[in-house]
Amino acid sequence: MSPNKDKPEDIDGGLALAKRTQTKKPALYRVIMLNDDYTPMEFVVLILQRFFGHNTQTAQKIMLHVHQKGVGVCGVYSYEVAETKINQVMTFARQNEHPLQLQMEKE
């Protein structure tokens with residue numbers, strides 16, 4: 001009796017192989033800090049260290065960029081992480097009576 005080559009289970013030694021679906025990597029979003037004339041530079045550095053994990057030198061560099069250019073990138077994250085970080089920072093800024101503003105944009 002010869003094997004039937006038309007059946008999927010006979011092609012690969014008796015196992016039917018399912019097609020693998022490719023998962024897409026999630027879109028990334030930049031968390032953007034906007035400059036204002038009221039939030040102290042030290043507070044901005046604290047935010048960049050506490051919520052975005054930057055060391056002092058990097059946080060100061062980003063803070064100066066925001067101060068001089070009007071806008072700067074705090075980090076790049078998935079949508080959910082970016083949204084959470086923005087909410088945490090905005091809440092912390094309001095608790096400390098600072099008008100700091102963050103936005104996110106798709107990378």
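Here, residue 1 is the first one in the sequence, and each next residue gets the next number.
In the hydrophobic clustering of ILVMFWY residues, with side-chain heavy atoms under 4.5 Å counting as a link, Val31 and Phe51 come out together. At a threshold of 4.5 Å between side-chain heavy atoms, the hydrophobic network of Ile, Leu, Val, Met, Phe, Trp and Tyr places Ile32 and Ile86 in two separate groups.
The distance from the OH atom of Tyr29 to the CD atom of Glu107 is 11.0 Å, given to the nearest 0.5 Å. Once rounded to the nearest 0.5 Å, the distance linking CZ of Arg50 with CG of Leu48 reads 12.0 Å.
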For residues 56-83, dump all side-chain donor-acceptor pairs below 3.5 Å to protein atoms at least two apart in sequence or in another chain.
| from | atom 1 | to | atom 2 | distance (Å) |
| --- | --- | --- | --- | --- |
| Thr56 | OG1 | Gln49 | NE2 | 2.7 |
| Thr58 | OG1 | Asn55 | OD1 | 3.0 |

Name each donor-acceptor pair under 3.5 Å that joins a side chain in residues 94-103 to protein atoms two or more places apart or in another chain, with its distance.
| from | atom 1 | to | atom 2 | distance (Å) |
| --- | --- | --- | --- | --- |
| Arg94 | NH1 | His98 | O | 2.6 |
| Arg94 | NH1 | Leu100 | O | 3.3 |
| Arg94 | NH2 | Leu100 | O | 2.9 |
| Asn96 | ND2 | Phe92 | O | 2.8 |
| His98 | NE2 | Asn96 | O | 3.4 |

Enumerate donor-acceptor pairs with a distance under 3.5 Å from any side-chain N or O in residues 37-44 to protein atoms, sequence neighbours excluded.
| from | atom 1 | to | atom 2 | distance (Å) |
| --- | --- | --- | --- | --- |
| Thr39 | OG1 | Asp36 | OD1 | 3.1 |
| Thr39 | OG1 | Asp36 | OD2 | 2.9 |

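You'll find the side chain of Met33 reaches within 4.5 Å of the side chain of Ile47, heavy atoms only.
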